[in-house]
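Quick notes on the structure that follows.
The basis for the numbers below is simple: all heavy atoms, side chains too, and nothing from hydrogens, waters or symmetry mates.
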Amino acid sequence: MSEASTVNDRELVLERVVAAPRERLFEGWTDPQLLAQWFAPAPLTTTIHEIDPRPGGAFRVTMRDPNGAEYPASGVYLEIVKNERIVTTDAYERAWQPSAKPFMTAIITFEDSGPGRTKYTARALHWTSADREEHEKMGFHQGWSQCLDQLVALVNRG
């Protein structure tokens with residue numbers, strides 16, 4: 001099952017049932033060594049500067065394309081429910097310092113869907129409809145789907 005959709009004028013959603021246990025998918029999101037291996041769609045690479053997966057904890061990463069262009073991303077974790085849910089936003093930086101340009105809040109959920117299978121849902125809630133449109137044009141559906149494929153392949157290797 002694979003579904004990527006635009007839910008409303010400010011939300012994008014990727015929902016799929018994948019052949020991986022939710023505990024491993026959650027670990028892929030919260031272990032910096034694992035996150036670096038799948039977080040950006042190949043051939044981009046990801047450098048993890050900081051991840052502190054707890055409410056109020058900061059995350060800072062840089063994605064880099066083969067030509068050397070860099071795409072930094074930072075924010076804070078709003079909610080962490082082990083093996084079930086991760087909520088992050090770029091509206092804040094470290095220590096609840098407001099960011100210069102909030103873009104979205106991401107809500108990632110992991111639900112059991114049979115032995116060794118997980119219903120994975122990634123919701124990107126944008127501050128404006130223009131931000132949602134920009135994210136969609138940047139390749140949300142293809143990029144986030146490719147990243148999920150990379151995550152599933154990674155957790156099934158180990």
Side-chain angles (χ1 to χ4, degrees), residues 2 4 11-97 99-113 116-126 131 134-136 138-158:
S2 175
E11 185 174 353
L12 296 168
V13 176
L14 171 70
E15 182 179 278
R16 284 180 34 201
V17 174
V18 297
R22 68 183 182 156
E23 296 82 6
R24 294 287 291 143
L25 295 171
F26 181 87
E27 182 182 14
W29 267 94
T30 56
D31 179 317
Q33 292 181 351
L34 296 176
L35 188 71
Q37 297 178 61
W38 70 267
F39 190 72
L44 277 74
T45 59
T46 303
T47 300
I48 307 297
H49 305 290
E50 175 180 13
I51 68 165
D52 182 8
R54 63 177 177 81
F59 69 86
R60 291 186 313 109
V61 304
T62 301
M63 295 167 278
R64 189 171 290 107
D65 73 20
N67 298 320
E70 294 187 343
Y71 308 95
S74 63
V76 298
Y77 294 91
L78 298 175
E79 182 180 24
I80 297 283
V81 179
K82 188 174 183 178
N83 303 326
E84 292 181 18
R85 182 176 166 99
I86 298 170
V87 181
T88 66
T89 187
D90 64 359
Y92 297 101
E93 295 181 6
R94 167 177 288 120
W96 304 106
Q97 180 68 36
S99 68
K101 170 64 173 92
F103 183 69
M104 70 172 212
T105 296
I107 302 171
I108 311 300
T109 57
F110 313 91
E111 299 174 58
D112 284 329
S113 188
R117 298 181 66 76
T118 301
K119 179 181 176 187
Y120 176 97
T121 304
R123 296 174 56 212
L125 302 130
H126 300 86
D131 287 342
E134 177 184 342
H135 199 186
E136 195 165 28
M138 289 168 47
F140 168 84
H141 300 298
Q142 180 181 354
W144 284 43
S145 185
Q146 181 180 340
C147 289
L148 177 56
D149 291 341
Q150 292 169 181
L151 173 58
V152 170
L154 175 65
V155 301
N156 284 329
R157 270 189 289 200

For the student: nearest non-hydrogen atoms of Asp131 and Pro102, plus distance: OD2-O, 3.9 Å
Shortest non-hydrogen contact from Ser74 toward Arg60: CB-CG, 3.8 Å
Side chains of Arg85 and Phe110 in contact at under 4.5 Å (non-hydrogen atoms): no
Test log, rule side-chain contact (heavy atoms from CB on, under 4.5 Å), inputs Glu136 and Leu12: CA-CA 8 Å; Glu136 195 165 28; Leu12 296 168; 4.0 Å; yes
Interatomic distance, Leu44 atom CG to Tyr71 atom OH [nearest 0.5 angstrom]: 6.5 Å
Exam field: side chain Asp90 to backbone Gly75, donor-acceptor pair closer than 3.5 Å: no
Ring geometry between Tyr92 and Trp96 (parallel below 30°, tilted from 30 to 60°, perpendicular above 60°): perpendicular
Asp65 side chain to Asn67 backbone, donor-acceptor under 3.5 Å: yes
Any donor-acceptor N/O pair, Trp144 side chain to Leu14 backbone, under 3.5 Å: no
From Arg54 atom CZ to Glu79 atom CD, the distance as rounded to the nearest 0.5 Å: 15.0 Å
Residue pair Ser113 / Thr118: nearest heavy atoms and the distance that separates them: CB-C, 4.1 Å
Side chain proximity check, Ser145 to Arg16, heavy atoms < 4.5 angstrom: yes
Spacing of Leu154 atom CG and Arg24 atom CZ [to the nearest 0.5 Å]: 7.0 Å
Within 6.0 Å of CD in Glu70, more than 12 heavy atoms from elsewhere: yes
Test item: Glu15 side-chain N/O and Lys119 main-chain N/O as donor-acceptor pair under 3.5 Å: no
Side chains of Thr47 and Thr45 in contact at under 4.5 Å (non-hydrogen atoms): no
Leu151 and Trp29, any side-chain heavy atoms less than 4.5 Å apart: yes
Side-chain touch Ile51/Tyr77, heavy atoms, less than 4.5 angstrom: yes
Gap separating the CE atom of Met104 from the CZ atom of Arg123, nearest 0.5 angstrom: 12.0 Å
Separation between CH2 of Trp38 and CG of Asp149, rounded to the nearest 0.5 Å: 11.5 Å
Arg22 CZ to Glu111 CD distance, which is reported to the nearest 0.5 Å: 8.5 Å
Expected output: side-chain Thr105 to main-chain Leu125 donor-acceptor under 3.5 Å: no
Any donor-acceptor N/O pair, Asn156 side chain to Val152 backbone, under 3.5 Å: yes
Sub-4.5 Å side-chain heavy-atom contact between Phe26 and Ile86: yes
Cys147 to Ala40 - nearest heavy-atom pair and separation: SG-C, 3.6 Å
Shortest non-hydrogen contact from His49 toward Thr62: NE2-OG1, 2.7 Å
More than 12 heavy atoms from other groups under 6.0 Å of CD on Gln142: no
Exercise: identify the closest heavy-atom pair between Ala73 and Met63: CB-CE, 4.3 Å
4.5 Å side-chain heavy-atom contact, Gln150 and Gln37: no
Note, Tyr120 side chain near Ile108 side chain (heavy atom, < 4.5 Å): yes
